[in-house]
Amino acid sequence: MKKIAVLTSGGDAPGMNAAFRAVVRKSIYEGIEVYGVYQGFQGLINDNIKKLELGDVGDIIQRGGTKLYSARCPEFIEPQVRQKGIENLKKRGIDSLVVIGGDGSYRGAQRLNEEGINTIGVPGTIDNDINGTDYTIGFDTALNTIIDAVDRIRDTATSHERTFIIEVMGRDAGDLALWAGVAGGAETILIPEAPSDMKVVAERIETGMNRGKKHSIIIVAEGVMSAAECGEELRKYINVDTRESVLGHMQRGGKPTGNDRVLASRLGAYAVELLINGTSGHAVGIENNSLSKTSFDQVFEENHKIDEGLFRLSKELSI
Ligand code: F6P
């Protein structure tokens, strides 16, 4: 009989609780003992591990954040540090681990898998930047949080005929900026995956102004530059009064959308199913609305790409 442990790691994402719940309930449904590792890989090293029952995951499917807590744990890269974590699992007879997190967390999971713990990754990050899945858990909720903010800012931008620069999360990933920009009708979207020419941005604003359009929304991913820097850059080319909004960590909080809850439930349960069937060293995902699995090696083969077609469309629709 296998024993499965589950942890959440890296930046939290709405829907992690739903995924955690699915892992626990599916394991118990299958007659498998399941353990929670609290505080991510840090908790694994510190032996912060507890056996879970059905009730431990009650009343959490609707909650943001993660009941398992999360942490970033750079020292997990050290083999002797990981060994401590492995021993903490082994002394309880735990041979399998579900890691809910982003690409950094997957790296830890991949190493553990190579060192003898059967590991499956579940994509939990608002960034939507993981290969092997069309959507990550938390992306839809964060996207809708941003859209809500953009709509509100648009009201005041229109009233005051101003240019607003809205900075959203995404150090290396532009999906949140791109999707929020399209859904929020932004005039300009700046993402890390594409070069940003502020002269062109200024020209577009000028063209709009000459047509009588007095307000403008620019969405910039934090990995490109800060909203303040973006304003400064813009004023090198055009005399425009800007206001900046940094949405920050509010993007990571809040109750998960229905889409994220269903996605998390499907992926969490599928992770357990794979472990039962003897698969490990893979990440689960959703591709063309079907459950899929991709080896960690393949996940890391290349950088995640944005949807070029959507990026082109964003430009066509914001002329
Ligand atoms: O990876 C998720 C994410 O929210 C990124 O979009 C963001 O750049 C980063 O985490 C922020 O991390 P922290 O909360 O550790 O500052």
Side-chain angles (χ1 to χ4, degrees), residues 7-20 39-43 63-66 68-77 99-110 121-150 165-181 183-184 189-194 196 219-230 244-257 260 263-264 267 283 285 296 299-300 303-306:
L7 61 79
T8 51
S9 160
D12 63 348
M16 276 184 163
N17 275 326
F20 166 42
Q39 295 155 339
F41 291 120
Q42 195 62 55
R63 296 190 195 282
T66 162
L68 278 176
Y69 300 95
S70 192
R72 302 202 190 266
C73 181
E75 62 267 41
F76 205 68
I77 194 131
V99 172
I100 305 168
D103 53 355
S105 312
Y106 277 15
R107 300 259 176 208
Q110 184 185 35
V122 174
T125 166
I126 64 166
D127 291 341
N128 207 40
D129 61 345
I130 300 190
N131 290 331
T133 189
D134 294 341
Y135 299 105
T136 57
I137 297 163
F139 174 65
D140 187 58
T141 307
L143 172 63
N144 280 288
T145 302
I146 297 171
I147 292 169
D148 187 50
V150 172
I165 303 169
I166 305 171
E167 181 187 319
V168 301
M169 276 189 168
R171 259 189 307 237
D172 309 304
D175 269 36
L176 277 175
L178 174 56
W179 283 64
I189 300 168
L190 302 174
I191 55 174
E193 294 89 342
S196 308
I219 298 199
V220 58
E222 63 180 344
V224 177
M225 61 185 125
S226 71
E229 284 163 347
C230 186
E244 288 85 31
S245 267
V246 180
L247 300 189
H249 285 78
M250 68 172 287
Q251 295 164 90
R252 285 225 303 251
K255 62 178 191 159
T257 58
D260 272 331
L263 178 65
L267 295 183
F296 286 133
V299 169
F300 295 133
N303 287 339
H304 181 260
K305 294 194 175 54
I306 53 142

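FYI, side chains are in, hydrogens and waters are out, and symmetry mates aren't considered; it's all heavy atoms of this structure. For ligands, and for the atoms within them, numbers begin at 1 and follow the listed sequence.
By the 4.5 Å heavy-atom criterion applied to side chains, I126 and F139 are not counted as neighbours.
Counted within 6.0 Å of OH on Y69, heavy atoms from surrounding residues, nucleotides or ligands total 12 or fewer; the atom is thus considered open.
With sequence neighbours left out, the salt bridge (Lys or Arg N to Asp or Glu O under 4.0 Å) criterion links R107 to no other residue. Taking the salt bridge (Lys or Arg N to Asp or Glu O under 4.0 Å) definition, one finds that K255 meets it with nothing, sequence neighbours left out.
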Considering only N or O atoms, set out every pair between ligand 1 and the protein closer than 3.5 Å, with distances to one decimal place.
residue: ligand 1; atom: 1 (O); partner: D127; partner atom: OD2; Å: 2.8
residue: ligand 1; atom: 4 (O); partner: R252; partner atom: NH1; Å: 2.9
residue: ligand 1; atom: 6 (O); partner: D127; partner atom: OD1; Å: 2.7
residue: ligand 1; atom: 6 (O); partner: D127; partner atom: OD2; Å: 3.3
residue: ligand 1; atom: 6 (O); partner: G170; partner atom: N; Å: 3.4
residue: ligand 1; atom: 8 (O); partner: E222; partner atom: OE2; Å: 2.4
residue: ligand 1; atom: 10 (O); partner: R72; partner atom: NH2; Å: 3.1
residue: ligand 1; atom: 10 (O); partner: R252; partner atom: NH1; Å: 3.0
residue: ligand 1; atom: 12 (O); partner: R72; partner atom: NH2; Å: 2.9
residue: ligand 1; atom: 12 (O); partner: R252; partner atom: NH1; Å: 3.4
residue: ligand 1; atom: 14 (O); partner: H249; partner atom: NE2; Å: 2.8
residue: ligand 1; atom: 14 (O); partner: R252; partner atom: NH1; Å: 3.0
residue: ligand 1; atom: 14 (O); partner: R252; partner atom: NH2; Å: 3.0
residue: ligand 1; atom: 15 (O); partner: R72; partner atom: NE; Å: 2.9
residue: ligand 1; atom: 15 (O); partner: R72; partner atom: NH2; Å: 3.3

List the atom pairs, donor and acceptor, that lie under 3.5 Å between side-chain atoms in residues 169-179 and the rest of the protein, sequence neighbours left out.
residue: D175; atom: OD2; partner: N128; partner atom: ND2; Å: 2.9

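T257 and N144 form no side-chain donor-acceptor contact under 3.5 Å, judged by distance and modelled atom types alone.
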